[in-house]
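As structure tokens, the structure follows; a few thoughts come after it.
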There are 2 protein chains.
Amino acid sequence: MDAPPAPRAPADGTRTRIVRAAAVLMQRQGYEATGIKRIAQDAGATLGSVYHFFPGGKKELAVEALRHGAQEFTDLLRTGLDSSDDPAEAVAECARLLARTLRDSDWTDGCPVAATALEFIGRSPAIQLASEEALGRWRELLAGKLGAAGISDEVARELACSVLSTLEGAELLCRVSASEEPLHIAGRHLARLIRSF
Amino acid sequence: MDAPPAPRAPADGTRTRIVRAAAVLMQRQGYEATGIKRIAQDAGATLGSVYHFFPGGKKELAVEALRHGAQEFTDLLRTGLDSSDDPAEAVAECARLLARTLRDSDWTDGCPVAATALEFIGRSPAIQLASEEALGRWRELLAGKLGAAGISDEVARELACSVLSTLEGAELLCRVSASEEPLHIAGRHLARLIRSF
DNA sequence: GTAGCACTAGAACGAACGTTCTATCAAGTA
DNA sequence: TACTTGATAGAACGTTCGTTCTAGTGCTAC
């Protein structure tokens, strides 16, 4: 048998493809608007495979997709933060990076948890917890950068919170208005705020 | 309030109840997770009434619900902004007001457009437009307050953008973590940022 | 009266949903 | 060979969805 890798199943594992497809779709349109059959189709998998890897069904897959998306967002944030020793400049770079990613993806690839999280406030502990963990990790990442620049722990933790709030909100504004402006403005204002401490 | 200027009889409690119920449900869990039958039930109306008043179906009702919720949020914002002549203090009061409203409603009554808007980025012009209009109105409201305090129009418009971004993002963090902290921190930081101009 | 209209009421429909089910394939083990 | 196990495949199930449809109510005007 002349055996090149099957065109149907690329090198990546089926499970990973399912998680990635779910993460992308949920990031774009939230949980409820995303059907399991569509996830399977986009992943090049079948329903049988989905339920084989995720016997807990859609909810279990959603939690995993949220974690996967959160990790990618963490990487993006880390890239921005590593761009400069000056935390103000580093945060501004995060805003620029986020704005570019958003525009290049037609305003779809933003925060991977926001849309889904808002659907489930007080309605699904598992999903709310996964969202909370992601936001908490990003906040600590930011606080670490600020603290490393000599800002006191207390101030750094609070600043990190506002930086995250502003980036999240500016991303919402960018996506709704299909414009990079809110994130660019946010970057400048956040840098100014950080430098004031 | 938006008294319907329609030539029809204003004795239309049912229509208003339907819009209000839809607004509440969509604010809490977004569009897709909100069923029309549930809306009718919560409004004390029937499906017949819903489709009588909204022949365009769920989408048409959603746009109206978004507008209704946006108006209520405008009122809340205006209340906060009117609380002080100092724009920094007024914005901080908005954050406090928002935090209290969130807590008192078990973290459900926040921005009425965020959840739904995120579901429809690039997928429904009508809903995206309604969301964009709401965010634009809030931004202008904030810019007006800042401009009235002597801040130049250009700076005021940009500041208003970041204030809105930060409040929106902080609200997301509050809801996910079931805590008032992000909004309280945001209020203090926004006041500091405004005073720096 | 009764004709007309705005509104209420909910049964019924087709489509889509998440899920379950059985069957099959491929590879490893004995 | 036969048996096991992880993974694939998709038909089928019951439910719920948004929507449509027909019937009925209450009110106003003639």
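Note that these values count all heavy atoms, side chains included, but never hydrogens, waters or copies made by symmetry.
- A search for side-chain contact (heavy atoms from CB on, under 4.5 Å) contacts involving A:L141 returns A:T74, A:L77, A:R78, A:L81, not counting sequence neighbours.
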With the criterion being N/O to N/O and under 3.5 Å, what pairs connect the protein with nucleotides 15-19 of chain D, and how long is each?
from, atom 1, to, atom 2, distance (Å)
D:dG18, OP1, B:T34, O, 3.3
D:dG18, OP1, B:K58, NZ, 2.7
D:dG18, OP2, B:I36, N, 2.9
D:dG18, O6, B:K37, NZ, 3.1
D:dT19, OP2, B:Y51, OH, 2.7
D:dT19, OP2, B:K58, N, 2.9
D:dT19, O5', B:Y51, OH, 3.2

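- Here the C1' atom of nucleotide C:dT19 and the CD atom of A:E60 are 14 Å apart, to the nearest Å.
- Residues passing the side-chain contact (heavy atoms from CB on, under 4.5 Å) test with A:K59, sequence neighbours excluded: A:Y31, A:F120, A:S124, A:I127.
- Clustering of Ile, Leu, Val, Met, Phe, Trp and Tyr side chains at separations under 4.5 Å places A:Y51 together with A:I18, A:V19, A:L25, A:I36, A:I39, A:L47, A:V50, A:F53, A:F54, A:L61.
- If you measure from atom CD of A:Q29 to atom C1' of C:dC17, you get 14 Å, rounded to the nearest angstrom.
- In this structure, B:R17 atom CZ and C:dC7 atom C1' are separated by 12 Å, rounded to whole Å.
- Residue A:I185 shares its hydrophobic cluster (ILVMFWY side chains chained together at separations under 4.5 Å) with no other residue.
- Straight-line distance from the CZ atom of A:F54 to the P atom of C:dG18: 15 Å, rounded to whole Å.
- B:R192 places none of its side-chain heavy atoms less than 4.5 Å from the side chain of B:R195.
- Close to C:dG10, at under 4.0 Å from its OP1 or OP2, lies no side-chain N or O of B:T46.
- If you take CD1 of A:I18 and P of D:dA9, they are 10 Å apart, rounded to a whole angstrom.
- A:E93 pairs by the salt bridge (charged side-chain N to carboxylate O under 4.0 Å, His left out) definition with A:R96, not counting sequence neighbours.
- Using a 4.0 Å cutoff on non-hydrogen atoms, no part of residues 113-127 of chain B comes near DNA chain C.
- Protein atom CZ of A:R38 is 12 Å distant from nucleotide atom P of C:dG18, rounded to whole Å.
- In this structure, the side-chain contact (heavy atoms from CB on, under 4.5 Å) partners of B:A134, at least two apart in sequence or on a different chain, are B:A70, B:V113, B:W138.
- In this entry the distance linking NE2 of B:H52 with C1' of D:dT25 reads 13 Å, nearest Å.
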Distance-only criterion, 3.5 Å: show the donor-acceptor pairs between side-chain atoms of residues 156-163 of chain B and protein atoms not counting sequence neighbours.
from, atom 1, to, atom 2, distance (Å)
B:E158, OE1, A:R188, NH2, 2.6
B:E158, OE2, A:R188, NH2, 2.8
B:S162, OG, A:H189, ND1, 2.7

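- Ionic pairing of B:E64 and B:R15 is present here: one or more N-O contacts between side-chain nitrogen and carboxylate oxygen are shorter than 4.0 angstrom.
- For C:dT8, the OP1/OP2 oxygens have a side-chain nitrogen or oxygen of B:T14 closer than 4.0 Å.
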